[in-house]
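These notes concern the structure reproduced below.
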Amino acid sequence: MAIETDRGEETYQIRCALDTAIAARMETEQCLAASLQEKEILLQEIHHRVKNNLQIISSMLSLQRGTVKDSAAQAALDDSSHRVMSMAIVHELLYERRSADSVQLDEYLRNLASALDPPIRRNVAISVDAPAAPLAIDTAIPMGLIVTELITNAIRHAFHGKPSGAITISGSWERWDTLRITVADDGIGLPRGWSVEVTDSLGMRIVAALLSQIGSELTVETGPGTRFSFEVTPAEGTSAAPPTSGSAPEGESARRTPDSPPRASRA
């Protein structure tokens, strides 16, 4: 009887110790969850305030544009306003999606295209064709600035002598872990001998600096029209979906979906 009593007491003590440990663990998890939720709310509020401040700066630049008469100064203020707005859009998407550190490529590009003022776009139609691939904020911001520069440069220089034009912004899986972003226009093409290395355009110098920041290079094709493209890396842990049967028709690479097979890497 004594042995059975001792074992019963020992079992009871073990159960009490386990109950205490479980209760402490649950309390700790609840505290961590509350702390995490508080930090997420704080981070969302930061994104919201940053977005608002950037939009205010962009609006102030637009207002300043109305006070100057020089066309070069007006263009410089427009460019600065669009650069600021491209960064504001990232924080707006992070806030709306309740995402801490990534935005969707297709949604971001569509917002960039629609953010351009109609007077700036004139008779230029802008379309977007890209997969819903997540981009980390450190990649999305420089990519957005690059695309903004390429669009505004195309609007200003690609359609001289043409009553209207079209710009296509596309994204496609270049390899399993790489996306190719392309900005193409149906304009007059680039001047003979033009290159990124020798141009005196501030916008293209900014593009070169941003490409260096994300470890990418600009590919340029011209005649007819012009195609600028560069590669970006999606958010960590993201890759193209398994390929479906068949391959994309020739010349339709810009219209592939995430389920389409990626092209072979370029030499």
Item to complete: Return yes if some donor-acceptor pair links the side-chain N/O of Thr152 with the main-chain N/O of Ile155 below 3.5 Å, else return no.
Response: no

Item to complete: Would you kindly confirm whether Leu63 and Leu77 end up in one hydrophobic cluster when ILVMFWY residues are joined by side chain heavy atoms under 4.5 Å apart?
Response: no

Discussion item. Looking at Ser86, is its backbone amide N or carbonyl O close enough to the side chain of Tyr108 to form a donor-acceptor pair, meaning the two atoms are under 3.5 Å apart?
Written reply: yes

Fill in: Arg175 backbone acceptor or donor facing Thr178 side chain under 3.5 Å
no

Worksheet item: Going through the checks in order, is the side-chain contact (heavy atoms from CB on, under 4.5 Å) test met by Val124 and Ser164?
Response: CA-CA 6 Å; Val124 178; Ser164 61; over 6 Å; no

Worksheet item: Which other residues belong to the hydrophobic cluster containing Met60, where Ile, Leu, Val, Met, Phe, Trp and Tyr are joined when side-chain heavy atoms lie under 4.5 Å apart, directly or via other members?
Response: Ile56

Worksheet item: Once you round to the nearest 0.5 Å, how far does CD1 of Ile214 lie from CG of Asp138?
Response: 11.0 Å

Discussion item. If we count only N and O atoms by modelled type, under 3.5 Å, do the side chains of Arg180 and Ser229 hold a donor and an acceptor together?
Written reply: yes

Worksheet entry | Pair Glu149-Phe228, side-chain contact (heavy atoms from CB on, under 4.5 Å): steps then yes or no | CA-CA 11 Å; Glu149 294 296 334; Phe228 293 95; over 6 Å; no

Worksheet entry | Spacing of Ser62 atom OG and Asp78 atom CG [to the nearest 0.5 Å] | 7.0 Å

Worksheet item: When you look at Ile167 and Val183, which way does the side-chain contact (heavy atoms from CB on, under 4.5 Å) test go after all the steps?
Response: CA-CA 7 Å; Ile167 296 175; Val183 178; 4.0 Å; yes

Worksheet entry | Connected-component partners of Ile22 among ILVMFWY, side-chain separation under 4.5 Å | Met26

Practice prompt. Could you tell me the separation between the CG atom of Leu54 and the OG atom of Ser81, rounded to the nearest 0.5 Å?
Written response: 11.0 Å

Discussion item. Any carboxylate oxygen within less than 4.0 angstrom of a Lys/Arg side-chain nitrogen, looking at Asp129 and Arg110?
Written reply: no

Worksheet, complete the sentence: Distance col, row Gln104:CD vs Leu109:CG, nearest 0.5 angstrom, shows 11.0 Å

Worksheet item: Given Ile126, which of Ile169, Thr168, Asp185 fulfils the side chain to side chain contact (heavy atoms under 4.5 Å, CB included) condition?
Response: Ile169

Worksheet item: What pair of heavy atoms forms the shortest contact from Thr222 to Gly189, and how long is it?
Response: OG1-CA, 3.4 Å

Item to complete: State, to 0.1 Å, how close Glu217 and Leu211 come at their nearest heavy-atom pair, and which atoms those are.
Response: C-CD1, 4.2 Å

Worksheet item: Can you tell me how far the CZ atom of Arg83 sits from the CD1 atom of Ile57, to the nearest 0.5 Å?
Response: 14.0 Å

Practice prompt. Identify the residue among Thr148, Ile146, Asn153 that makes a side chain to side chain contact (heavy atoms under 4.5 Å, CB included) with Val207.
Written response: Ile146

Item to complete: Output the distance between atom CD1 (Ile181) and atom OG (Ser170), rounded to the nearest 0.5 Å.
Response: 7.5 Å

Fill in: CA sep, side-chain torsions, deciding dist, call: Thr219, Glu231, side-chain contact (heavy atoms from CB on, under 4.5 Å)
CA-CA 9 Å; Thr219 299; Glu231 294 180 355; over 6 Å; no

Worksheet, complete the sentence: In terms of heavy-atom contacts, Leu112 and Gly144 come closest through CD1-CA, 3.7 Å

Practice prompt. Would you indicate whether the side-chain heavy atoms of Glu174 and Val232 approach each other to under 4.5 Å?
Written response: no

Fill in: Taking every non-hydrogen atom, the tightest pair across Val103 and Leu93
CG1-CB, 3.9 Å

Response to the item:
All heavy atoms of Pro131 vs all of Leu179, minimum pair found to be CG-CD2, 4.1 Å

Discussion item. Would the distance check show the side chain of Ser59 and the main-chain N or O of Gln55 forming a donor-acceptor pair, the cut-off being under 3.5 Å?
Written reply: yes

Worksheet item: Out of Leu145, Ile151, Leu150, which one pairs with Val147 under the side chain to side chain contact (heavy atoms under 4.5 Å, CB included) rule?
Response: Ile151

Item to complete: State, without any angle test, whether Gln74 and Ser71 hold a side-chain donor-acceptor pair at a distance under 3.5 Å.
Response: no

Worksheet item: Which pair of heavy atoms, one from Ile188 and one from His157, lies closest together, and at what distance?
Response: CD1-O, 3.9 Å

